[in-house]
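Letters A, B, ... are given to chains in the order of the sequence lines, protein chains preceding strands, and every chain is numbered from 1.
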Protein chains: 2
Amino acid sequence: MKWGALEDEACSLARTIAVIGDRWTLLILRECFLRTRRFEAFQSSLQITRHLLSERLKKLVRFGILRRVPYQDSPKRYEYILTQKGLDLYPIIMAMVRWGDIHMADERGRPLLHEHKKCGKLFDPVMVCSECGEVLAAKEVHVHPGPGRPVSALATAHQHRSDE
Amino acid sequence: MKWGALEDEACSLARTIAVIGDRWTLLILRECFLRTRRFEAFQSSLQITRHLLSERLKKLVRFGILRRVPYQDSPKRYEYILTQKGLDLYPIIMAMVRWGDIHMADERGRPLLHEHKKCGKLFDPVMVCSECGEVLAAKEVHVHPGPGRPVSALATAHQHRSDE
DNA sequence: GCCTATAGTTCTAAAATTGAACTGTCAAAT
DNA sequence: ATTTGACAGTTCAATTTTAGAACTATAGGC
């Protein structure tokens, strides 16, 4: 399958995967959220090959996740900064961190703790329903076709089954 | 980089990426949450090659995300069911769906709508602070080293910078 | 016997990734 | 004036992964 095909699927998950659904892109984003901005810094902290790093950064810029901003002239140099679209990826990253904390931590506990500046406490990121505020679980959710889904779409078949 | 190396990093995100950080695995999980259970069903709805599907399912079983359960004898056939560890990936999937809904939807709107059975309303999944319940944003979060992080770890350098 | 269904495995070709070296611009040091 | 080093990449051969297609195995039904 080609990456482009994913972008065109009538599925928001597939479209997101088309943008950030690979190992290096996700790791690059981790660095971005830890304030890394420059090519050399990404390269040395991730041990990614320069070739791939260059490719991935271009892709993230193309999708509007990062902005390539000059930070000096002569020689002209650029750094990569998260756009709002990029910052909006934060819940995805945090959801993955949370799952790793719960299911992949070793005996010594989680590698990083997170403090919420607003309330001052160490916290866990929790996903809730926007309407009632309850913690979300897969079994509590029922899926409906939305306006953006063609009747012929692949996912249609699933819908019937998920109506069980 | 090898996948195994990621598992061993002192970073919950890296460890999660080691398990689900590739395109096909994420798509397979989408199908799982839409109640797909069988090899042929995964294969025909995803158009993944049988070879890769087989490989990825094995990996998900190895990591305890799916359970391979016999559903008939003679010939013996199996289906793949999400474990609790697998069900716990739901927030990650939903966070990705949400981002796609916001940033990758076309003019016609989102492909799927989600109803929360508990409250009966169409909702969006929102990530909040477990302590104060406020919606989370990257800028509101401050990172600290946790017990599971070796002093020498790669992430240490970032920590200093993120303390700015 | 032959066809179909299901769940895989095997094989070759094509694509992506790795590793290492190389390019170009400029500032600072010798 | 020349060399060295920092930074942001690009290029290219070798290795690894993925795609695509064909093949295997077990059993029920015609």
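Partners of B:Phe123 under the ring-ring contact (aromatic ring centres under 6.0 Å, His included) rule, at least two apart in sequence or in another chain, are B:His116. B:Glu55 pairs by the salt bridge (charged side-chain N to carboxylate O under 4.0 Å, His left out) definition with nothing, not counting sequence neighbours. With sequence neighbours left out, the salt bridge (charged side-chain N to carboxylate O under 4.0 Å, His left out) criterion links B:Glu140 to no other residue. Not counting sequence neighbours, the partners of A:Glu134 by the side-chain hydrogen bond (donor to acceptor under 3.5 Å, both in side chains) test are B:Lys118. A search for ring-ring contact (aromatic ring centres under 6.0 Å, His included) contacts involving B:Tyr90 returns B:Phe33, not counting sequence neighbours. Scanning for side-chain contact (heavy atoms from CB on, under 4.5 Å) contacts around A:Asp22 gives A:Trp3, A:Trp24, A:Thr25, A:Arg56, with sequence neighbours left out. Residues meeting the side-chain contact (heavy atoms from CB on, under 4.5 Å) test with A:Lys139, sequence neighbours left out: B:Leu87.
Here D:dA21 presents its C1' atom at 13 Å from NE2 of B:His51, a figure rounded to the nearest Å. Put simply, CG on A:Leu52 is 15 Å from P on D:dG9, counting in whole angstrom units. For the pair A:Leu53 CG and D:dG9 C1', the computed distance is 9 Å after rounding to whole Å. As rounded to whole Å, 9 Å separates atom P of D:dG9 from atom OH of A:Tyr78. Put simply, CZ on B:Arg77 is 11 Å from P on D:dG28, counting in whole angstrom units. Note: CH2 (A:Trp24) to C1' (D:dT16) measures 14 Å, nearest angstrom. For B:Asp22 and D:dT16, the CG to P distance is 19 Å, given to the nearest whole Å. Taking atom CZ on A:Arg37 and atom C1' on D:dA8, their separation rounds to 17 Å, with Å as the unit.
Classification of B:Asp73 and B:Lys76 as a salt-bridged pair holds, one side-chain N sitting under 4.0 Å from a carboxylate O.
At least one side-chain nitrogen or oxygen of A:Tyr80 sits closer than 4.0 Å to the OP1 or OP2 atom of D:dG9.
Looking at heavy atoms from C-beta onward, B:Val97 lies out of side-chain contact with A:Thr16 at the 4.5 angstrom threshold.
The base of D:dA8 sits with one of its N or O atoms less than 3.5 Å from a complementary donor or acceptor on the side chain of A:Arg50.
At a threshold of 4.0 angstrom between heavy atoms, the contacts of B:Thr49 include nucleobase atoms, whether or not backbone atoms are also involved.
Using a 4.0 Å cut-off on heavy atoms, the residues of residues 54-71 of chain B that approach DNA chain D are B:Arg56, listed by number.
First and last contacting nucleotides of DNA chain C toward chain A (any atom under 4.0 angstrom from a heavy atom, 5' to 3' order): C:dT17 to C:dA27.
In the hydrophobic clustering, A:Val128 connects to A:Val126, A:Val135, B:Val126, B:Val128, B:Val135, either directly or through intervening members, whenever side-chain heavy atoms lie under 4.5 Å apart. With side-chain heavy atoms closer than 4.5 Å counting as contact, directly or through intermediates, the hydrophobic cluster containing A:Leu113 also holds A:Leu122.
With a 6.0 Å cutoff to the six-membered ring centre and a 45° limit on the axis angle, B:Arg38 counts as a cation-pi contact of B:Tyr71.
Residue whose closest nucleotide on DNA chain C sits further toward the 5' end, between A:Arg23 and A:Pro75: A:Arg23.
Between the axis at the start and the axis at the end of the helix from C:dG1-D:dC30 to C:dT30-D:dA1 there is an angle of 20°, using five pairs per end and rounding to 10 degrees.
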